[in-house]
Chemist: 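Take this structure, written in structure tokens, and hold onto it; I'll ask about it next.
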Amino acid sequence: MTDRSSARAVLRQYIDTHFDQQVETLARLVQCPSDNPPGDCAPHAELTARLLEAMDFEVERHPVPAGFAQQHGMRSVTNLIVRQRFGDGPVVALNAHGDVVPPGAGWTGSPYGGEVRDGWLYGRGAAVSKSDFTTYAFALRALKALRASGTALAGTVELHLTYDEETGGMTGPGWILSQGLSRPDYVISAAFSHHVVVAHNGCLHLEVTLRGKSAHAARPDTGTDAIEAAATLLPALYRHRDRLAERPSQIPGITHPTLVVGLIEGGINTNVVADTLTLRIDRRIVPEEVPEAVEAELRQVIEDTCRALPGIAVEIRQILLARPFAPAPGAKEFADLMCREASAVMGKPVTPIGVPLYTDARLYSEAGIPTVMYGAGPESLLEANGHRADERVPLDELRRATVVVANTLLQLLTQPEETR
């Protein structure tokens, strides 16, 4: 049995020795599109499974039934699970998602190039979160090498590689948990900077349809204009948005609730009074809020405003409700461990923060599992160009994040049971 410092040296040496292969693997993952929408992600899962099998991992393929996938906005989903058992002890799951937002315009190179320039690897998914497919896989490979060198490890490490984070996670981690495919004791979920994330916002999407009555533009008095009705509703929504700034979150990294009207569709033709208009609202929910109360309040704002509009009917439909990520019991000790390991590798203090996004991590935490978010990335998501043109990940951070994850796993799989 080697001591901890010697074990860390073995892990670091393995990661350094195989880092070129890790970068090549990430490039391969980026070069295979997995845009969501449209959410046809099974081909990328098959590529990933074959790459992992070439590294001597046993890969379970768990296809999600087509009907359930389509119900959640996906065309095809195959979740991948790798289980590496070292002995009796805790089960630690490492979760990252391979679906990505479409690339959009403005790239200086191919969004699927996986090109390395000036120490950064570029491409859609390079930061969010195909990089962490490799962070987690190569950390686990290093653990396997450590075990082969004679270090006793107690527990199991699982890779949960999923494909629907961009549409809510219900066919990914939600499916894995609901079907009883795994019940880990700890979860590290993909992040996008080198911070340890312990909380994030939830998200409510509502679709609002205003219905009036069409008429010829020469006789607008014979119709009821849904677009004009929206001209009353929109200011009411924005006034409500402004009031949300008066509800600050107490979690570092999270400011206050926000509201955005992100999509508007309506009208028949230029010379016709519009009989319908549909808009979609994005309402971010801070961890201190109760999602049901948030939805009820927003519905009340909409209904009260539209009640004063003659001839206008309103329909409100929930599209998505992603609850905030808040710490589960035992999560603080887990986050403290992750921060200590990250600080040691980064050479500077790494403290827990919250982020205003929403991710799959919330699903594990909702299930009562201590969960933290940690993975490869620069100081901020903005530096990584996450969800923007020229998305990228710094290779030095990819290497260091892999070391941090490996060292954290070492701690979890070697500490006495009473201290876990």
Chemist: Could you check whether any side-chain heavy atom of Asn201 comes within less than 4.5 Å of a side-chain heavy atom of Pro287, counting everything from C-beta outward?
Modeler: yes
Chemist: Between Tyr163 and Asp40, do the side chains contain an N or O donor and an N or O acceptor separated by less than 3.5 Å?
Modeler: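 Note: Tyr163 and Asp40 side chains miss the donor-acceptor criterion.
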Chemist: Is a side-chain donor-acceptor pair under 3.5 Å present for Glu295 with Gln318?
Modeler: yes
Chemist: My understanding is that only one of Gln22, Gln21, His18 makes a side-chain hydrogen bond (donor to acceptor under 3.5 Å, both in side chains) with Arg141; could you say which?
Modeler: Gln21
Chemist: Is there a side-chain contact between Val372 and Val197, using heavy atoms and a 4.5 Å cut-off?
Modeler: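 When only atoms from C-beta onward are counted, Val197 and Val372 do not touch, as no gap falls below 4.5 Å.
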Chemist: Please check if any side-chain donor atom of Glu158 sits under 3.5 Å from a side-chain acceptor atom of His160, or the reverse.
Modeler: yes
Chemist: Among Leu398, Val403, Asp396, find the one that has a side chain to side chain contact (heavy atoms under 4.5 Å, CB included) with Arg400.
Modeler: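 Single pass found, and it is Asp396.
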Chemist: Are Lys144 and Phe57 in a cation-pi contact, defined as NZ or CZ under 6.0 Å from the six-membered ring centre and within 45° of the axis?
Modeler: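 Yes; both conditions hold, so Lys144 lies above the ring face of Phe57.
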Chemist: Let's go through Val208 and Leu233 carefully: what are the C-alpha distance in whole Å and the side-chain angles of both, what is the deciding distance for side-chain contact (heavy atoms from CB on, under 4.5 Å) to 0.1 Å, and is it a yes or a no?
Modeler: CA-CA 10 Å; Val208 180; Leu233 176 59; 4.1 Å; yes
Chemist: Taking NZ, NE, NH1 and NH2 as the nitrogens, is one of them in Glu341 or Arg8 under 4.0 Å from a carboxylate oxygen of the other?
Modeler: yes
Chemist: With a 4.5 Å cut-off on side-chain heavy atoms, are Pro324 and Pro291 touching?
Modeler: yes
Chemist: Going by salt bridge (Lys or Arg N to Asp or Glu O under 4.0 Å), name the residues that satisfy it together with Asp304, two or more places apart in sequence or in a different chain.
Modeler: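 If we apply the salt bridge (Lys or Arg N to Asp or Glu O under 4.0 Å) test to Asp304, skipping adjacent residues, the hits are Arg307.
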Chemist: My understanding is that only residues two or more places apart in sequence, or in another chain, count here; which of them pass salt bridge (Lys or Arg N to Asp or Glu O under 4.0 Å) with Glu228?
Modeler: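 Salt bridge (Lys or Arg N to Asp or Glu O under 4.0 Å) check on Glu228 returns nothing, list empty.
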Chemist: Answer yes if the side chains of Thr162 and Asn79 hold a donor-acceptor pair under 3.5 Å, and no otherwise.
Modeler: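 The criterion, which ignores hydrogens and geometry beyond distance, is not satisfied for Asn79 and Thr162.
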Chemist: Checking Arg117 against Tyr122: charged group under 6.0 Å from the ring centre and within 45 degrees of the axis?
Modeler: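 Verdict for Tyr122: a cation-pi partner in Arg117.
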Chemist: Looking at side-chain heavy atoms only, is the closest gap between Ile268 and Ser214 below 4.5 Å?
Modeler: yes
Chemist: Mind listing the closest non-hydrogen atom pair of Leu382 and Arg388 along with its distance?
Modeler: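 Looking at all heavy atoms of both residues, the closest pair is O-NH2, 3.0 Å.
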